[in-house]
Each structure stands twice: as structure tokens, then as C-alpha cells.
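Quick note: numbers below take in every heavy atom, side chains included, and nothing from hydrogens, waters or symmetry partners. Every chain is numbered from 1 and lettered A, B, ... according to where its sequence line falls, protein lines coming before strand lines.
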2 protein chains.
Amino acid sequence: MRIGELARRAGTTTRALRYYESRGLLPARRGGNGYRAYDEEDLRLLRQIRVLQDFGFELEETRPFVECLRAGHPAGDSCPASLEVYRAKLAELDAMVARLSEVREVLAGQLAQAEAARDALAGAGPGEPRCELVRTEE
Amino acid sequence: MRIGELARRAGTTTRALRYYESRGLLPARRGGNGYRAYDEEDLRLLRQIRVLQDFGFELEETRPFVECLRAGHPAGDSCPASLEVYRAKLAELDAMVARLSEVREVLAGQLAQAEAARDALAGAGPGEPRCELVRTEE
DNA sequence: GCTGGCGTTGACGTCGGGGTGAAGGTCTAG
DNA sequence: CTAGACCTTCACCCCGACGTCAACGCCAGC
């Protein structure tokens, strides 16, 4: 299979495949004419890359999975290195979710206060005391 | 107060202040010598910008808050436009948290399965059936 | 044998946001 | 007088994951 077919079958582009090869992620055999030659196994590796990319993995992070498959293991995550990447990614996701959730709560509080202040003003006299947003040194 | 002092007091750089001015976010009066002249109110506006940036707001998104303060309102979020930005930001954060959490769960499941498969292999015979990760068209 | 469609390489562009850096000049504080 | 702060403009950076040429080779069908 040549590069165009593989790209089509994997739903990516020839440019991406050449890029992966340039990164050493998905090297290709070469035919006598210099054309890249791929097989079904490469399609599998490529699919592994794309799945992980969809999960937000960087290309480098997919490398252990790809190498694991290439080493003949049944799945990309059958190797310890892949599990380590899973764990690192989980920790990263947890940290992001925690940070975003915290900001979310602060913002929700600010919105509620601002709306209350507005309504109080619209209703009658001075309302609840407002707490101004202030930078906290970390 | 000149640009250097304001930058120092707000914990930012003169370059950033000139940049904000170029975006029309924090225009400065000019002295006879062409130097930018700022006052305490500008420091307040600047602090508002920095607080929101720390929350992940883009510069453009801080504009309603800054203009609200400049219009003489007690707080940056005393204006409807600011509240709208709060709401948009909350929706954005909720969407991000949802997406990340979903990925997190899938990944946690994959990790658990992969570890189980490894342990089963280490222990005895074939273990639980593995479900391979496959791209789902959206 | 010509056209069109594939393939090759390498160099450079893109995106986005929030700036930074350098050059070259002016102004001011001590 | 001189160091340092200020002025302007233009270019450049960061990051990853490609995209976009340019300029060429290879091959099938008509």
C-alpha cells in the first residue's frame, strides 16, 4: 500500500504520514522507485496514533504505544511504558480539571454576587456588601 | 505616574502596558514630553485586567470589565456586558471540564483493563476479554 | 508521447495570544 | 555629563502539528 491509500484509509493526509516518519514514529519501507510502502500493520499503528491524538495525547506520547504494537504485543497499552503514559495523562487531566473547576466556582460566585448587587440596586437602597476581586500572590 | 512605575506597581512590564494601549485597552494620557501619564485609577484598571487574565480570560474578554470601571461603576462586573462574559466563560469552562472528564474516565478504564490483562497474564492463563480502543466517527 | 495523478524532497508558512527584543532616538534626574 | 527611563516601529518568539509550495520523478491509460 502506498502513502495515499494509507492516508485515505486512516482518514489522515499524506503530509501527516511523512511528518510522522520524519519524527521516527511511523517509518516506512521503500519500494525500488523510492515510494513508501505500508502494510496492514502500519494501518493499525496509525489508528493507534489517531485514537490517542483524539484523546489529547501529543505525538511524542503516542510513541510507547506504537512501539509496543510494533514489538508484537496484542495492544498498544500492553507495555509498562504505555501504562506510565496513561498514568501521567490521568494526573495531567486531573490537575486541569481541578484548576478549571476551581476557577469555575470562583467565577460562579462572582457572577452571583454581581447579579445580587444589581438586583439590590434595582430594588431598594444598598444591598449586600461586595467583595472585590483581588490578586492573591502565590 | 509614568509607565515604569505603573508596571512595577502592577507587577508587569512596560512592554505589556504599551501593548495594552496598542489594543486600546488601557490608553494613556500624554505629558508635554510625550511620556505616558497614568494615575491610580489606571492601576485599578490594570489590576482588573491581571485578575481576569489569571482566571484564563483573554485580553479581549477583559475589555467590558475595564470599560465598566472606567465608566465609573463600583466594580468591573457592575455592567451587563461583564456579566455576559462571566456567563460565556462559565459555559466554556463547563464544556471543557465535561470533555476532559469524559476523556479521563475512558483513560482510567483503559488503564484498569490493561493492568488487569497484565496481571491475568502474570498470574494464570487468559484473563478478561480486552476491548480494543477504536475510533468512533462523530 | 502526452497528460494526469500519484510520488519524492526541502524550505518555508500557518495558527493564536500575548507579548518580547532591538535599533535608534529623546528626555530627565542627580 | 551621563545613566537610565522614555519614545517609536518593526520584527520576532513560543508551541505543535501539520499545510503549502517548488521542482522534480514515476507510471498508467489513451
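- The one candidate from A/Asp42, A/Ile3, A/Leu26 that meets the side chain to side chain contact (heavy atoms under 4.5 Å, CB included) condition with A/Arg36 is A/Ile3.
- Rounding to whole angstrom units, CG of residue A/Leu52 and C1' of D/dA17 are separated by 16 Å.
- Counting all heavy atoms, side chain and backbone alike, B/Leu90 lies closest to A/Arg104 at CD2-O, 3.4 Å.
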- Task: Could you run through nucleotides 24-30 of chain C and give me one letter per nucleotide, 5' to 3': B if any protein heavy atom sits under 4.0 Å from the base, S if only the sugar-phosphate is that close, - if neither?
- Result: ---BS--
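- Here the C1' atom of nucleotide D/dC26 and the CZ atom of A/Arg30 are 14 Å apart, to the nearest Å.
- At most 12 heavy atoms of other shown residues, nucleotides or ligands fall within 6.0 angstrom of atom CD in B/Glu102.
- Heavy atoms of B/Arg8 sit nowhere under 4.0 angstrom from any nucleic acid atom.
- The existence of a salt bridge linking B/Arg87 and B/Glu84 is confirmed by a sub-4.0 Å separation between a basic side-chain nitrogen and an acidic carboxylate oxygen.
- Taking only side-chain nitrogens and oxygens, A/Arg18 comes nearer than 4.0 Å to OP1 or OP2 of C/dT8.
- Contact check on A/Lys89 versus A/Glu92 returns a salt bridge, with a Lys/Arg side-chain nitrogen under 4.0 Å from an Asp/Glu carboxylate oxygen.
- The one candidate from B/Thr62, B/Leu17, B/Leu46 that meets the side chain to side chain contact (heavy atoms under 4.5 Å, CB included) condition with B/Leu25 is B/Thr62.
- B/Arg29 and B/Glu41 are not joined by a salt bridge, as no carboxylate oxygen comes within less than 4.0 angstrom of a charged side-chain nitrogen.
- Residue B/Glu5 contributes atom CD, which lies 12 Å from atom C1' of D/dA5 at whole-angstrom precision.
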- Message: So if I define the base as every atom that isn't primed, P, OP1 or OP2, how would nucleotides 10-23 of chain C read as a B/S/- string at a heavy-atom cutoff under 4.0 Å?
- Response: -B-----SBBBBB-
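- Distance CZ (A/Arg36) to P (C/dC6): 16 Å, rounded to an integer number of Å.
- Contact check on B/Glu60 versus B/Arg63 returns a salt bridge, with a Lys/Arg side-chain nitrogen under 4.0 Å from an Asp/Glu carboxylate oxygen.
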